[in-house]
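Notes follow the structure.
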Amino acid sequence: MHIRIEDAAAHVGEEVEIQGWLYNKRSSGSIHFLQIRDGSGIMQSVLAKQDVSQDAFGLAENLTQESSVIIRGLVREDKRAPGGVELSLTDLKVVQIAAPYPITPKEHGVEFLMDHRHLWLRSRRQHAVMRVRAEVIRACAEFLDGKGFVRMDTPILTPAAVEGTTTLFETPYFDLGTAYLTQSGQLYNEANAMAFGRVYCFGPTFRAEKSKTRRHLSEFWMLEPEVAYMTLDEYMALAEEMMVAVVGRVLQRRTNELAALERDTAKLKDIQSPFPRLSYDEALERLKKSGKPVPWGDDLGADEETMLSSQFDRPLFVHHYPAKCKAFYMQPDQERHDVVLSADLLAPEGYGEIIGGGQRIDDLALLEQRLREHNLPTDVYQWYLDLRRYGSVPHSGFGLGIERTVAWICGIEHIRETIPFPRLLNRLYP
RNA sequence: UCCGCGGUAGCUCAAUGGUAGAGCGUCCGGCUGUUAACCGGAGGGUUGUAGGUUCGAAUCCUACCCGCGGAGCCA
């Protein structure tokens with residue numbers, strides 16, 4: 001019977017088959033120890049010269065790292081085996097002898113590993129990160145689905161910029177001129193929210209900025225909920241509840257992976273409501289006291305964000321930013337027109353902004369004015385303006401950067417390990 | 001775009017201006033409980049490129065190429 005290694009403990013005493021690859025091997029001459037991985041885990045199988053045919057023993061001797069094999073044997077508990085369970089091998093079928101494998105069981109530099117990303121994904125650490133990533137995505141979807149949200153994905157090819165500021169990737173589009181790769185699903189999300197009330201989209205987004213930091217990817221995945229009639233405060237409450245749920249779910253379901261990553265889970269267990277909330281003005285006050293004054297109206301840089309978030313043990317909302325720091329669609333505060341109803345969520349431990357969002361302008365005239373102020377073409381935004389002509393309501397939404405969230409939860413240094421094939425300023429391969 | 005660091009064996013790294021080395025991987029040999037196994041042996045090099053200084057350059061100088069880290073901007 002074919003089993004997955006993750007289920008092996010339930011098959012002690014049984015004869016099973018495992019389809020996988022050779023992760024590593026050790027030998028004492030007449031006894032071989034084959035570490036087999038099958039994607040679900042790694043299991044040691046033992047092969048003693050006296051117990052198997054000479055052919056099988058010889059085959060095992062010649063196996064190279066990552067050779068693909070189908071093995072059969074008896075599942076046994078043994079304290080000497082990594083994982084506590086091992087397989088006494090009775091039959092070995094070689095599917096392919098692998099060519100000399102570039103990623104050896106010793107150290108490698110990050111660039112070398114990135115060049116072999118397609119193979120690096122087979123390693124333990126990458127398995128842990130990818131499983132946490134999958135869990136984060138699943139937890140987000142389960143949370144929103146449980147609240148009656150409808151997933152409605154938005155287009156990747158778009159006719160215009162969402163926020164005129166950032167650089168966009170361009171591509172020719174038949175006879176219609178230039179298309180742009182989306183930098184946010186938000187505008188379409190607003191249309192979907194006006195149709196379905198509570199919606200979210202989840203997909204890749206693209207930023208052509210020449211950013212070279214550990215927090216940046218040219219292509220990253222964003223989860224964007226958008227809700228009709230939702231205010232700024234309600235948005236912060238929703239985002240907070242979601243983050244608590246997501247972190248809790250990862251702690252519960254991905255314990256082994258967090259352990260493999262040597263993540264300090266005490267810090268994750270601290271992620272509970274309520275999250276601290278600072279207005280932009282209060283944030284400036286704190287920065288001034290910490291000896292890092294910022295002139296009013298300037299956006300907060302990486303250093304400032306780290307300094308603020310390091311003062312708390314859980315994610316921090318910074319709200320009511322100056323209007324000029326934010327996108328054209330941000331709703332101004334009724335009492336202070338120079339600030340908008342926006343809020344960013346800064347992750348602890350210096351991982352930076354993981355959520356950006358706020359309340360959107362619902363007044364047609366004001367939105368038209370903003371488009372003009374930002375020198376944006378009004379023709380391509382007519383459909384967007386329609387949302388303010390036909391039953392406009394206050395509404396809010398936000399975008400959660402999946403990779404930054406995963407980097408934070410995993411406690412890893414660089415965002416590039418949180419996506420299977422990262423797209424960076426100087427990397428389009430593999 | 002700006003600032004900083006780097007480029008030596010397949011990989012990770014050493015090498016006062018004086019014969020380019022080690023560990024791992026590979027190949028050969030040894031070992032019946034290995035835990036990144038271990039032990040012995042072999043093979044492996046246009047020291048990023050082009051000039052220059054010098055009796056002699058991986059090392060010093062100049063230019064260039066490539067890469068990395070950080071900043072700005074953003075999720």
Side-chain angles (χ1 to χ4, degrees), chain A residues 23-35 42 44-52 57 61-62 64-66 76 78-84 86 88 98-116 119 123-124 162-163 165-168 182-186 202-224 239 298-306 325-327 344-347 351-357 398-408 413-416 418-419 424-427:
Chain A
Y23 192 74
N24 199 2
K25 77 175 177 193
R26 303 181 192 94
S27 171
S28 294
S30 303
I31 180 165
H32 294 317
F33 300 92
L34 308 179
Q35 317 288 329
I42 298 173
Q44 172 165 284
S45 65
V46 186
L47 160 86
K49 197 168 194 171
Q50 62 190 25
D51 297 340
V52 295
F57 197 78
E61 211 158 42
N62 292 322
T64 53
Q65 193 185 348
E66 285 301 322
R76 283 192 303 103
D78 193 313
K79 281 182 183 159
R80 294 169 294 186
E86 66 181 18
S88 286
Y101 194 66
I103 302 179
T104 62
K106 280 281 179 179
E107 304 156 14
H108 297 282
V110 172
E111 274 316 289
F112 176 83
L113 290 169
M114 288 301 307
D115 284 340
H116 298 85
L119 303 176
S123 70
R124 271 196 175 96
V162 172
E163 310 165 20
T165 55
T166 42
T167 322
L168 294 161
T182 185
Q183 57 190 159
S184 167
Q186 192 212 309
F202 179 56
T205 46
F206 305 87
R207 305 278 165 96
E209 284 156 345
K210 296 198 167 180
S211 272
K212 267 188 78 167
T213 77
R214 70 184 82 174
R215 298 183 304 279
H216 282 85
L217 295 169
S218 305
E219 176 183 312
F220 67 96
W221 286 63
M222 191 155 63
L223 179 91
E224 296 178 275
D298 281 15
D299 210 347
L300 303 179
D303 282 356
E304 288 82 19
E305 286 184 356
T306 302
C325 295
K326 293 293 173 183
D344 291 349
L345 185 68
L346 308 182
Y351 282 92
E353 183 183 342
I354 52 173
I355 285 178
F398 63 95
L400 169 74
I402 290 295
E403 288 79 12
R404 284 191 185 175
T405 303
V406 172
W408 162 52
E413 185 74 7
H414 202 296
I415 196 170
R416 66 191 155 204
T418 63
I419 186 167
L424 303 162
L425 182 55
N426 292 314
R427 180 170 294 282

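Just the heavy atoms: all of them, side chains too, but no hydrogens, waters or symmetry mates, feed the values below. Residue numbers begin at 1 in each chain, while the letters A, B, ... track the order of the sequences. No experiment lies behind these values; they were computed from the predicted model shown.
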Searching all strands shown, indicate the nucleotide that pairs with [N] (Watson-Crick or G-U wobble; both distances under 3.5 Å).
N: B:C31; result: none
N: B:A50; result: B:U62
N: B:G72; result: none
N: B:C13; result: B:G21
N: B:G43; result: none
N: B:A57; result: none

Has [X] got a side-chain N or O lying under 4.0 Å from the OP1 or OP2 atom of [N]?
X: A:His414; N: B:G69; result: yes
X: A:Arg80; N: B:U32; result: no
X: A:Ser30; N: B:U32; result: yes

Checking contacts here: which listed nucleotide ([options]) is nearest the side-chain heavy atoms of [X]?
X: A:Glu111; options: B:G67, B:C11, B:C73; answer: B:G67
X: A:Ser28; options: B:U32, B:C74, B:A75; answer: B:U32
X: A:Gln50; options: B:U32, B:A36, B:G33; answer: B:U32
X: A:Ile31; options: B:A36, B:A71, B:G33; answer: B:G33
X: A:Thr104; options: B:U34, B:A75, B:G10; answer: B:G10
X: A:Ala302; options: B:C31, B:A75, B:A71; answer: B:A71
X: A:Arg215; options: B:G69, B:G25, B:C73; answer: B:C73
X: A:Thr213; options: B:A75, B:A71, B:G33; answer: B:A71

Categorize [X] for me: base, sugar-phosphate, or nothing, with a 4.0 angstrom heavy-atom threshold over every strand shown.
X: A:Glu403; value: nothing
X: A:Glu224; value: nothing
X: A:Pro100; value: nothing
X: A:Thr405; value: nothing
X: A:Asp299; value: sugar-phosphate
X: A:Gly301; value: sugar-phosphate

Main-chain N/O of [Y] paired to [X] side chain as donor or acceptor, under 3.5 Å:
X: A:Arg215; Y: A:Ile415; value: no
X: A:Glu403; Y: A:Trp221; value: yes
X: A:Lys25; Y: A:Glu61; value: yes

Could you tell me how far [M] sits from [N] if I compare only their [atom1] atoms? Round to whole Å.
N: B:U8; M: B:C66; atom1: C1'; value: 16 Å
N: B:A63; M: B:G72; atom1: P; value: 30 Å
N: B:U59; M: B:U19; atom1: P; value: 14 Å
N: B:U62; M: B:G6; atom1: P; value: 15 Å
N: B:G56; M: B:G70; atom1: C1'; value: 40 Å
N: B:A58; M: B:G69; atom1: P; value: 30 Å
N: B:A20; M: B:C27; atom1: C1'; value: 23 Å
N: B:C60; M: B:G18; atom1: P; value: 11 Å

In whole Å, I'd like the distance from the [atom1] atom of [X] to the [atom2] atom of [N].
X: A:His116; N: B:G10; atom1: NE2; atom2: P; answer: 12 Å
X: A:Ile415; N: B:A75; atom1: CD1; atom2: P; answer: 12 Å
X: A:Leu424; N: B:G70; atom1: CG; atom2: P; answer: 11 Å
X: A:Asp303; N: B:C73; atom1: CG; atom2: C1'; answer: 14 Å
X: A:Gln65; N: B:A36; atom1: CD; atom2: P; answer: 14 Å
X: A:Arg214; N: B:C74; atom1: CZ; atom2: P; answer: 19 Å
X: A:Phe112; N: B:G7; atom1: CZ; atom2: C1'; answer: 16 Å
X: A:Glu61; N: B:U32; atom1: CD; atom2: C1'; answer: 13 Å

Margin query: Can you give me the closest heavy-atom contact between A:Ser88 and A:Arg76, atom names plus distance?
Written below: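 Residues A:Ser88 and A:Arg76, closest heavy atoms: OG-NE, 2.7 Å.
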
Note to self: Please compare A:Lys25 and A:Ala81 by the position of their nearest nucleotide in RNA chain B and report the one closer to 5'.
What the structure shows: A:Ala81

Item checked: 5' priority, RNA chain B, between A:Leu425 and A:Ile355 [closest heavy atom] -> A:Leu425

Notebook entry, point to check: Does a donor on one side chain and an acceptor on the other come within less than 3.5 Å for A:Gln44 and A:Gln35?
Noted result: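 Indeed, the side chains of A:Gln44 and A:Gln35 share at least one donor-acceptor pair under 3.5 Å.
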
Check: Side chains of A:Ser45 and A:Glu86: do they bring a donor and an acceptor to under 3.5 Å?
Finding: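 The criterion, which ignores hydrogens and geometry beyond distance, is not satisfied for A:Glu86 and A:Ser45.
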
Check: A:Phe33 stacking on B:G33: centroids under 5.5 Å, ring planes under 30°?
Finding: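 The base of B:G33 is not stacked with A:Phe33 (the test needs centres under 5.5 Å and planes under 30°).
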
Next item on the list: Tell me whether A:His216 is stacked on the nucleobase of B:C74, counting only the six-membered base ring and applying the 5.5 Å and 30° thresholds.
Entry: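 The ring of A:His216 is stacked on B:C74.
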
Notebook entry, point to check: Counting only distance, no hydrogens or angles, is the base of B:C31 paired donor-acceptor with the side chain of A:Arg26 under 3.5 Å?
Noted result: no

Notebook entry, point to check: In terms of the angle between their ring planes, are A:Phe112 and A:His116 parallel, tilted or perpendicular, with boundaries placed at 30° and 60°?
Noted result: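 Tilted.
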
Checklist line | Within-4.5 Å side-chain heavy-atom neighbours: A:Phe220 and A:Ile402 | finding: no

Notebook entry, point to check: Does any non-hydrogen side-chain atom of A:Ile42 lie less than 4.5 Å from one of A:Arg124?
Noted result: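 Yes, their side chains come closer than 4.5 Å.
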
